[in-house]
Amino acid sequence: MMDIGFDPKKYMNEQSKFILDRVNNYDKLYLEFGGKLIGDKHARRVLPGFDEDAKIKLLQKLKDKTEIIICVYAGDIERSKIRGDFGITYDMEVLRLIDDLRNYDLEVNSVVITRFNEQPATKVFINKLERRDIKVYTHSSIDGYPSDIEAIVSEEGYGKNPYIPTSKQIVVVTAPGPGSGKLATCLNQLYHEYRLGRSAGYSKFETFPVWNVPLKHPLNLAYEAANVDLKDVNVMDNFHYERYNEVAVNYNRDLEMFPVVKRIIEKITGKESIYQSPTDMGVNRVGFGITNDEIVKEASKQEIIRRCFTTECDFKKGLVDEEVLYRMKLIMEELELKKEDRIPVTPARTYAEKLKDSSNNDINSVIAFQLPNGKVITGKATLLMDSCPAAILNSIKVLANISDEIYLLSPVILETIQNLKKNDLHNKITALNANEILIALSICAVTNPTAQLAYEKLSKLKGTQAHSTVMLNKSDEQILKKLGIDVTCDPVYPSENLYYI
């Protein structure tokens, strides 16, 4: 059973109250959403008890007052930027996000393509959206942004970008990831609203960093680790301290941009901004939901270790540079953390070394699961299946009290799938992955009561911590995430193949 360190109900009540307080000051509030709108797994991991869908549930409560604009940077579409947690490109994430928002009965106003310069792949994406009756607007880059205030707040700046007509009191501006142009879109809308004679405001829905916990608290350092590739650094909000004599934590980009954003808002509105600090701009009541600081600290340390493994793997794949890797190691050292502090790491590596000694094979793929009850189960790669599905089967056997000697899957079914992969689909790799094994399990469960018993235990794997001695393929990685298993990998390729891995 997971230890709880966070009160989601208190958080939801406070966050919604403070948002409504902001709305009451204007005819319309443009609310920039930082982080993930749906499925904020980082927050769930570092704040045990946090509801990963808290943001979307809060918006659902306010749905009569709310509509949503989704921003995506044209350059991210052009270079097929991947959202790490789902393993899909940003353009596909926009489509997924629209579907999810509609499932929550929330109104999607439109999609805004930011910094658009006739990029070919982006034009294809625009066509795809428009032919599905989704409104699309394009915003071009503004010369002198963000420093030339006179040029930005003019007909040749925000004025040349189209106004997005909205009808609700709260307009949420969200995106697939950072750097998508949410702030610029909000300010662009403010410019047009005031030209139309309407009173509009801007605010940020924030989660991290948590302004009212210490700068070097593991919770805030976990945020740095999560964004280490963006070079985000937590800093003290000196504007907030000078104005209120109150210590507050923010991050470098917000502090650097605050004087400019404040001046832009004042130029647009023609009056002094109500915000005296970047912390003022945000609505962030996360810190008030923490009920057990020690539990949150430990959960945050574990998240930092997970992020360290991810960064090392990304470096191995050529996705980040040495500076990012070095920064990640500094965060680890700051809290005196070792990778072996993650419980499944040592069992996985020990078993892999044992196999290496007995087989004389340099690379041995092993994965260890630390189940929610604390028990550690391992699985190894064989000619039949990858280590990941092996560990899944071994774990659900343990949870169902099924003897290890009993087969859950029909050999005939497994052989048929392997023959299909090898002979008909001409796959170079014939070992079955997690997706294929789970399909085989669901088929066998129809006629085999023992398989059915094990199949019913799959949901009990949620919250499992896993570690692999090699980098997993995308298919296995995604299956583990869908099962609610947090997995890390050593930065080792599973074979010498450059393509078939």
Side-chain angles (χ1 to χ4, degrees), residues 22-23 25-34 66-78 94 107-119 122-123 125-127 129-130 134-176 178-204 253-254 256-275 278 281:
R22 293 281 171 96
V23 172
N25 293 324
Y26 306 100
D27 296 332
K28 186 168 293 185
L29 178 71
Y30 285 91
L31 189 60
E32 178 188 344
F33 259 63
T66 304
E67 59 188 303
I68 299 168
I69 294 172
I70 301 171
C71 300
V72 59
Y73 167 42
D76 287 340
I77 297 172
E78 211 62 25
V94 170
E107 180 185 338
V108 178
N109 175 293
S110 56
V111 173
V112 181
I113 310 294
T114 61
R115 286 175 280 172
F116 178 62
N117 189 28
E118 302 294 328
Q119 292 96 331
T122 307
K123 289 167 78 173
F125 181 58
I126 292 171
N127 290 338
L129 291 171
E130 290 181 335
I134 295 165
K135 286 184 286 185
V136 181
Y137 298 86
T138 59
H139 286 179
S140 55
S141 299
I142 297 173
D143 292 337
Y145 186 87
S147 56
D148 191 344
I149 308 296
E150 293 298 322
I152 294 165
V153 187
S154 72
E155 281 298 311
E156 295 305 310
Y158 289 141
K160 73 177 180 180
N161 286 330
Y163 169 65
I164 303 163
T166 58
S167 57
K168 302 290 181 69
Q169 197 175 8
I170 302 172
V171 181
V172 169
V173 180
T174 188
S180 295
K182 299 189 296 286
L183 171 61
T185 300
C186 289
L187 296 177
N188 197 91
Q189 286 293 102
L190 248 63
Y191 172 84
H192 286 285
E193 294 286 4
Y194 273 87
R195 283 182 60 83
L196 293 168
R198 303 188 190 113
S199 171
Y202 162 76
S203 191
K204 290 183 73 173
R253 282 189 291 145
D254 264 14
E256 289 160 9
M257 284 295 295
F258 175 70
V260 176
V261 173
K262 186 172 184 285
R263 285 175 58 207
I264 289 174
I265 291 174
E266 290 174 343
K267 176 77 173 172
I268 289 171
T269 62
K271 55 188 177 185
E272 186 179 352
S273 171
I274 63 169
Y275 299 132
M281 285 187 173

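Index from 1, following the sequence.
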Asks: Do F116 and H139 make a side-chain contact, defined as non-hydrogen atoms from C-beta onward lying under 4.5 Å apart?
Replies: no
Asks: Among N127, V112, I126, whose side-chain contact (heavy atoms from CB on, under 4.5 Å) with V136 holds?
Replies: I126
Asks: Quick one: do K271 and E266 make a salt bridge, cutoff under 4.0 Å?
Replies: no
Asks: Please say whether more than 12 non-hydrogen atoms of neighbouring residues, nucleotides or ligands are located less than 6.0 Å from CD in E130.
Replies: yes
Asks: R253: what forms a salt bridge (Lys or Arg N to Asp or Glu O under 4.0 Å) with it, not counting sequence neighbours?
Replies: D232
Asks: State which residues pass salt bridge (Lys or Arg N to Asp or Glu O under 4.0 Å) with K135; sequence neighbours excluded, sorted by chain then number.
Replies: none
Asks: Consider only side-chain N and O atoms of S141 and R115, and report whether a donor and an acceptor are under 3.5 Å apart.
Replies: no
Asks: Hey, which of I70, V172, I134 is the one that makes side-chain contact (heavy atoms from CB on, under 4.5 Å) with V108?
Replies: I70
Asks: Using the six-membered ring wherever Trp is involved, compare the ring planes of H192 and Y163 and label them parallel, tilted or perpendicular (cut-offs 30° and 60°).
Replies: tilted
Asks: Less than 4.5 Å apart, side chain to side chain, heavy atoms only: is that true for V111 and Y137?
Replies: no
Asks: By the definition side-chain contact (heavy atoms from CB on, under 4.5 Å), identify the one residue from V94, I113, L183, V173 that meets it with C71.
Replies: V173
Asks: Is R263 close to V261 at the side-chain level, that is, under 4.5 Å between some pair of heavy atoms?
Replies: no
Asks: Would you mind reporting whether Y275 and K262 have side-chain heavy atoms less than 4.5 Å apart?
Replies: no
Asks: Taking Q189 for the side chain and I164 for the main chain, is one N or O donor matched with an acceptor at less than 3.5 Å?
Replies: yes
Asks: Determine whether N109 and V171 make a side-chain contact, defined as any pair of heavy atoms from C-beta on separated by less than 4.5 Å.
Replies: no
Asks: Would you please say whether a donor-acceptor pair under 3.5 Å links the side chains of K182 and T174?
Replies: no
Asks: How many angstroms lie between OH in Y191 and CD1 in I152, if you round to the nearest 0.5 Å?
Replies: 12.0 Å
Asks: Taking the side chain from N161 and the backbone from S140, do they hold a donor-acceptor pair closer than 3.5 Å?
Replies: yes
Asks: Judged by atom type as modelled, is there a donor-acceptor pair below 3.5 Å linking the side chain of E67 to the main-chain atoms of K168?
Replies: yes
Asks: Of all the heavy-atom pairs spanning Y73 and T114, show the shortest one and how long it is.
Replies: CA-OG1, 3.2 Å
Asks: Would you say the side-chain atoms of S203 pair up with the backbone N or O of M281, donor to acceptor, closer than 3.5 Å?
Replies: yes
Asks: Quick one: CG on D148 to CD1 on I142, what's the gap to the nearest 0.5 Å?
Replies: 10.5 Å
Asks: Do E155 and K160 sit within salt-bridge range, that is, some charged N less than 4.0 Å from a carboxylate O?
Replies: no
Asks: How would you list, by chain and number, every residue that makes a side chain to side chain donor-acceptor pair (under 3.5 Å) with E78, sequence neighbours excluded?
Replies: T122
Asks: Is the backbone N or O of R198 less than 3.5 Å from a side-chain atom of D27, with the two atoms forming a donor-acceptor pair by type?
Replies: no
Asks: Going by distance alone, is a donor N or O of one side chain under 3.5 Å from an acceptor N or O of the other, for E193 and Y30?
Replies: yes
